[in-house]
Amino acid sequence: MSHLDDIPSTPGKFKMEKSPFIHGRMRWHWQSSLAKFCFWSLIFTGVIFIFFFRSPSSNPIAQDPSRRSLRTYNWGGPVWEKRVRSSARVRSHNGFSVLVTGAAGFVGTHVSAALKKRGDGVLGLDNFNDYYDPSLKRARQALLERSGVFIVEGDINDSALLRKLFEVVAFTHVMHLAAQAGVRYAMENPGSYVHSNIAGFVNLLEVCKSANPQPAIVWASSSSVYGLNSKVPFSERDRTDQPASLYAATKKAGEEIAHSYNHIYGLSLTGLRFFTVYGPWGRPDMAYFFFTRDILKGKSIPIFKAANHGTVARDFTYIDDIVKGCLAALDTAKKSTGSGGKKKGPAQLRVYNLGNTSPVPVTELVSILERLLKVKVKRNFMKLPLNGDVQFTHANISLAQRELGYKPTTDLHAGLKKFVRWYLGFYSDGKKAAE
Ligand SMILES: O=C(O)[C@H]1O[C@H](OP(=O)(O)OP(=O)(O)OC[C@H]2O[C@@H](n3ccc(=O)[nH]c3=O)[C@H](O)[C@@H]2O)[C@H](O)[C@@H](O)[C@@H]1O
């Protein structure tokens, strides 16, 4: 009940009127004050309403995108709890119960679907922010819903929500994929990287360390942590103390934060350094995705070239290979050793490269798309901007091969073929168009 419900609609009906102690004149004065109070309360409430809900430009959360996930979400109640429980219910012998953060994201959707398919219980969590077209996230959500995965709408910074989820379900694992992604956007909106990749991660770890039992956590780091490292291929033993972007710095910070929570609380933690993941249901902010959109629109394609005409290349890794790596990391994760916020013994702490181990120049990426889309591309070569991009990535995957049995099998041509088929199907009906 709102506090407005306590105020009678007609001041004359107010009980105090019957009091023998109130003189008529005083009563009139009191009633008129009450009427004024009601009047100004209504005006005030109206102004507040317009300020916060009707005018996007004056809403501080809408104005500051780093805080957009602080909007309130509806969660809780018996029906909601039932959906949470049912989605997280394990349906196979010795299956896991996994909380997947960022489940409406690109990698999150694929990993959730794969876990569900093999009988694990999966509960998604996502804040559905508008970093890129939220309707694509909604479409992924609909896809997961059809396979029985419920995505709770909420933010990893919401401790009350996270605690509630752990109260309802004793998750054995957390697959933490919620993050502010994208290398170049960090110069536009640095706060969103700190909010999601640092504050949000710490908040999640705080709840995990206090949970009983503590889950094992596998989470998404990034190839960008290698930054200015020039030793190739990048090995987990190489230095990662020269990030070239704030995005990379927040992912590197995540790795250090993981170390401290492992050390203090006995949380089992595995960081996966993804190398430029691509494929169907991908992210529209990534080059292969918006190149496809723009080639089809006949726009020219900006291709970055390094100084001295050096090649810019990426170790593009297909989503299905990444999913296999994620599942293998969950399968080989040892249990956390702490309970109730106290460490009981040393716990597992791992970091793996998940790449394709065959870098491809961006010029070649464009040529493959040109052939697949059958559209002549207008190329616009430009200098690699100083916005966090590195010239080259190349994963050494021998550690993941040895310990996770990770073995990528899809080359860029085969993977892009699948992506283009999906893209043309998804955006074919004329109603949806990639923005
Ligand atoms: O693997 C990683 O660590 C990172 O991979 C990608 O980052 P990036 O490799 O920069 O992927 P894209 O933004 O898709 O760029 C791919 C390549 O295209 C180039 N590019 C990008 C944009 C453009 O307009 N022109 C252009 O030539 C970039 O320099 C880069 O070499 C993701 O966006 C990050 O979230 C992720 O962490």
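Just so it is clear, the structure is predicted and the values come from calculations on it, not from any experiment. Whatever order the structure lists them in is the order used to number ligands and atoms, beginning at 1. For reference, positions follow the sequence shown, starting with 1.
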Just checking, is any N or O donor in the side chain of K334 or S268 under 3.5 Å from an acceptor N or O on the other one?
-> no
Answer yes or no on whether R283 is positioned over the face of F289, meaning its NZ or CZ is under 6.0 Å from the six-membered ring centre and within 45° of the axis.
-> no
Starting from atom 7 (O) of ligand 1, locate the nearest protein heavy atom and write down its residue, its atom name and how far away it is, to 0.1 Å.
-> V183 CG2, 3.8 Å
Which ligand 1 atoms are under 4.0 Å away from a heavy-atom of F290?
-> 22 (C), 24 (O)
Hey, can you tell me if F201 and H176 have their rings parallel, tilted or perpendicular (30° and 60° cut-offs)?
-> parallel
N262 side chain to A347 backbone, donor-acceptor under 3.5 Å = yes
By number and element, which atoms of ligand 1 are closer than 4.0 Å to a non-hydrogen atom of S223?
-> 1 (O), 2 (C), 3 (O)
Atom 3 (O) of ligand 1: which protein heavy atom is closest, and how many Å away?
-> S222 OG, 2.5 Å
Enumerated ligand 1 atoms positioned under 4.0 Å from heavy atoms of V312 = 29 (O), 31 (O)
Could you tell me whether some N/O pair between F316 and ligand 1 is separated by less than 3.5 angstrom?
-> no
Side chains of K117 and S147: do they bring a donor and an acceptor to under 3.5 Å?
-> no
Should E153 and R138 count as an ion pair when the cut-off is N to O under 4.0 Å?
-> yes
Which residue holds the protein heavy atom closest to atom 8 (P) of ligand 1, what is that atom called, and what is the gap in Å?
-> R314 NE, 3.8 Å
Part of F291 with heavy atoms under 4.0 Å of ligand 1, whether side chain, backbone, both or neither | side chain
Does G182 reach ligand 1 with a nitrogen or oxygen that is under 3.5 Å from one of the ligand's nitrogen or oxygen atoms?
-> yes
Has ligand 1 got any nitrogen or oxygen that is less than 3.5 angstrom from a nitrogen or oxygen of D285?
-> no
Which ligand 1 atoms does R283 reach within 4.0 Å, using its non-hydrogen atoms?
-> 32 (C), 33 (O), 35 (O)
Within 45° of the six-membered ring axis of Y226 and under 6.0 Å from that ring's centre, is NZ or CZ of K231 located there?
-> no
Between R184 and ligand 1, which part of the residue brings a heavy atom under 4.0 Å of the ligand: side chain, backbone, both or neither?
-> side chain
Mark the output for M382 as yes if a heavy-atom distance to ligand 1 is under 4.0 Å, and as no if none is.
-> no
So the atoms of ligand 1 within less than 4.0 Å of a heavy atom of A181 turn out to be 35 (O)
When distances are taken from atom 36 (C) of ligand 1, the protein heavy atom at minimum range is Y247 OH, 3.7 Å
Nearest non-hydrogen protein atom, atom 6 (C) of ligand 1 | M286 CE, 3.7 Å
If you measure from atom 17 (C) of ligand 1 to every heavy atom of V277, L354, V362, which option wins on shortest distance?
-> V362
Does K164 come within less than 4.0 Å of D158, counting only side-chain N to carboxylate O?
-> no
Under 3.5 Å: N/O of A287 near N/O of ligand 1 = yes
Against heavy atoms of D389, which atoms of ligand 1 measure under 4.0 Å?
-> 10 (O), 28 (C), 29 (O)
Heavy atom of F289, distance to ligand 1 below 4.0 Å | no
Subset of ligand 1 atoms that lie under 4.0 Å from at least one heavy atom of T276 | 1 (O), 2 (C), 5 (O), 9 (O), 11 (O)
Contact (N/O only, under 3.5 Å) between Y288 and ligand 1 = no
Over 60° means perpendicular and under 30° means parallel, so classify the ring planes of Y423 and Y427, tilted if in between.
-> tilted
Side chain to side chain donor-acceptor pair (under 3.5 Å): pairs with one or both residues in residues 206-224, sequence neighbours excluded | E206-K209, E206-Y261, S221-E255, S222-S224
With atoms numbered from 1 as shown, which atoms in ligand 1 lie under 4.0 angstrom from a non-hydrogen atom of I303?
-> 27 (O)
Does F304 reach ligand 1 with a nitrogen or oxygen that is under 3.5 Å from one of the ligand's nitrogen or oxygen atoms?
-> yes
Is it the case that more than 12 heavy atoms not belonging to D241 sit under 6.0 Å from its CG atom?
-> yes
Does a donor on one side chain and an acceptor on the other come within less than 3.5 Å for D285 and Y131?
-> yes
Polar-atom distance check: F274 versus ligand 1, any N or O pair below 3.5 Å?
-> yes
Parallel, tilted or perpendicular: which describes the rings of Y185 and Y193, with under 30° parallel and over 60° perpendicular?
-> tilted
Of L165, I217, V98, which meets side-chain contact (heavy atoms from CB on, under 4.5 Å) against F171?
-> L165
What protein heavy atom sits nearest atom 25 (N) of ligand 1, and how far off is it?
-> P302 O, 2.8 Å
With no hydrogens and no angle check, do the side chains of D315 and T393 hold a donor and an acceptor under 3.5 Å apart?
-> no
